[in-house]
Number of protein chains: 2
Amino acid sequence: MVLKVRKNKSPQPPKPCALTHCMAFISGAWAPNVIWVLREGPRRFSELRIDIPPVSAKVLSTRLTELEARGIIERKVLPTSPPSVEYNLTEIGKEIVPALDALVAVGHKLKTQGHGVDDVAAKLAK
Amino acid sequence: MVLKVRKNKSPQPPKPCALTHCMAFISGAWAPNVIWVLREGPRRFSELRIDIPPVSAKVLSTRLTELEARGIIERKVLPTSPPSVEYNLTEIGKEIVPALDALVAVGHKLKTQGHGVDDVAAKLAK
DNA sequence: CTGTATCCGATCTGATACTG
DNA sequence: CAGTATCAGATCGGATACAG
């Protein structure tokens, strides 16, 4: 999902919030999934790969780096051998969870009303 | 924003909801913006182009078609000459708005704490 | 274990031009 | 006005190989 982030070349009048910028933090493949998994507690890198099967190491790594830079997750290196790393949601990160829930609720409702992803794909194919 | 939609090849045990599928409806550039603008009432095609400046006609058209297929917006052709078309949110579509608000609220908070998009970009550039 | 570096194909978007 | 067709460039994610 590409949430397009508009380059603010022209100084726009203070729009509501430049929506797209405000949502950039869930952009990128699997970003929402990471937050979703982390809601249940801390996870290690390899555990995340198991929880989100089709994600490649590269993308997961990229996403975790971004989410950390955005202040949504924390990265903690455990002094073990071999090294292990634990990720968990920050306080702000946890605030995203309810919003995600709301989105999923709507998605579920759409699905039950004949607007599931497959249904939509069929319609668009016509 | 690319919300990756996983192909459900392997019959996964009934996961929470296949998160990604449930969020597909806001995927695609400008999709959230369209919903955001439409919250204030119906808009015509050309009006949307004005409200969301950098969007091209092609993408806007594509997005509107998708959102309609997903049951999020309604398309109404007005019997005028030249023809004009009105778009507005469906009842279900309106339910997305609060979720978007919640997301934006978090985004705004992150911004005020030094995690704006530009700050993040700077961190990642290092 | 936890990543990073490359290469590469798939996908998407914007610009332009054109139709009803 | 309201799109659609086509093309080119940019971006992104996956696979593989490799490093600390």
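We name chains A, B, ... by the order of the sequence lines, and we start the count at 1 in each one. All values derive from a computational prediction rather than experimental measurement.
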Enquirer: Using the rule side chain to side chain contact (heavy atoms under 4.5 Å, CB included), only one of A:L38, A:D51, A:I52 pairs with A:N33; which is it?
Expert: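 Running side chain to side chain contact (heavy atoms under 4.5 Å, CB included) over A:L38, A:D51, A:I52 with A:N33 returns exactly one hit, A:I52.
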
Enquirer: May I have the distance from A:R63 (atom CZ) to D:dG14 (atom C1'), rounded to whole angstrom?
Expert: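 In whole Å, D:dG14 C1' and A:R63 CZ are 12 Å from each other.
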
Enquirer: With a non-hydrogen cut-off below 4.0 angstrom, is B:R49 in contact with a base, only sugar-phosphate, or nothing?
Expert: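 If one applies the 4.0 Å heavy-atom cut-off, B:R49 turns out to touch nothing in the nucleic acid.
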
Enquirer: Distance check needed: D:dG3 C1' versus B:K76 NZ, whole Å only.
Expert: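 That distance rounds to 20 Å.
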
Enquirer: Touch check for B:S56, heavy atoms < 4.0 angstrom, all strands: base, sugar-phosphate only, or nothing?
Expert: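 Here B:S56 touches the bases of the nucleic acid.
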
Enquirer: If two hydrophobic side chains count as joined below 4.5 Å and joins carry through other members, does A:L100 share a cluster with A:F25?
Expert: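 Yes, because A:L100 and A:F25 connect within a single hydrophobic cluster, where side-chain heavy atoms sit under 4.5 Å apart.
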
Enquirer: For a quick test of reading the model: is some side-chain N or O of B:Y87 closer than 4.0 Å to OP1 or OP2 of D:dC1?
Expert: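 For D:dC1, OP1/OP2 do not have a side-chain N/O of B:Y87 under 4.0 Å.
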
Enquirer: Do you know the tightest heavy-atom contact between A:S56 and A:R49?
Expert: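 Heavy atoms of A:S56 and A:R49 come nearest at CA-NH2, 3.9 Å.
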
Enquirer: Check this one for me: any side-chain N or O of A:S46 less than 4.0 Å away from OP1 or OP2 of C:dT2?
Expert: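 Checking A:S46 against C:dT2: at least one side-chain N or O falls below 4.0 Å of OP1 or OP2.
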
Enquirer: Take the protein atom CD of A:E86 and the nucleotide atom P of C:dG3, then report the distance between them rounded to whole Å.
Expert: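 Interatomic distance, CD of A:E86 to P of C:dG3: 12 Å.
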
Enquirer: Among C:dT2, C:dA15, D:dT4, which is the nearest nucleotide to the side chain of B:S61?
Expert: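 Side chain of B:S61 sits closest to D:dT4.
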
Enquirer: Which comes earlier along DNA chain C counting from the 5' end, the contact point of B:V55 or that of A:T65, where each point is its nearest nucleotide?
Expert: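 Result of the comparison: A:T65.
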
Enquirer: Between D:dG3, D:dG13, C:dG14, spot the one nearest the side chain of A:K58, thanks.
Expert: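 The answer is D:dG13, which lies nearest to the side chain.
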
Enquirer: Taking CZ from A:R43 and P from C:dG3, how many angstroms apart are they, rounded to a whole number?
Expert: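 It works out to 16 Å between those atoms.
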
Enquirer: Compare side-chain N and O positions of B:R44 against OP1 and OP2 of D:dA2 and report whether any pair is under 4.0 Å apart.
Expert: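 Answer yes for this pair, as a side-chain N or O of B:R44 is under 4.0 Å from OP1 or OP2.
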
Enquirer: Does the side chain of B:V97 come within less than 4.5 Å of B:L89's, by heavy atoms?
Expert: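 Side-chain contact under 4.5 Å: yes.
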
Enquirer: Output the rounded distance in Å from CG (B:L60) to C1' (C:dC12).
Expert: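 Checked: the CG to C1' distance equals 16 Å.
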
Enquirer: Which whole-number value in Å describes the distance from B:F45 CZ to C:dT19 C1'?
Expert: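 Distance, rounded to whole Å: 14 Å.
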
Enquirer: Between the main-chain N or O of A:A69 and the side-chain N or O of B:K123, is there a donor-acceptor pair closer than 3.5 Å?
Expert: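 Pair found, side chain donor or acceptor close to backbone of A:A69.
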
Enquirer: With a 4.0 Å cutoff (strictly under), does any side-chain N or O of B:W30 reach OP1 or OP2 of C:dG14?
Expert: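 Yes, within the criterion.
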
Enquirer: Could you check how far CD of B:E68 sits from C1' of D:dG3, rounded to whole Å?
Expert: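 Answer to the nearest Å: 13 Å.
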
Enquirer: The side chain of B:V85 lies closest to which of these nucleotides: D:dA2, C:dC1, D:dC1?
Expert: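 The closest nucleotide is D:dA2.
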
Enquirer: Side-chain N or O of A:R75 versus OP1/OP2 of C:dG3: is the shortest distance under 4.0 Å?
Expert: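 Yes.
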
Enquirer: Using heavy-atom distances to pick each residue's nearest nucleotide on DNA chain C, tell me which of A:L64 and B:A57 is more 5'.
Expert: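 Checking each residue's closest nucleotide, the 5'-ward one belongs to A:L64.
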
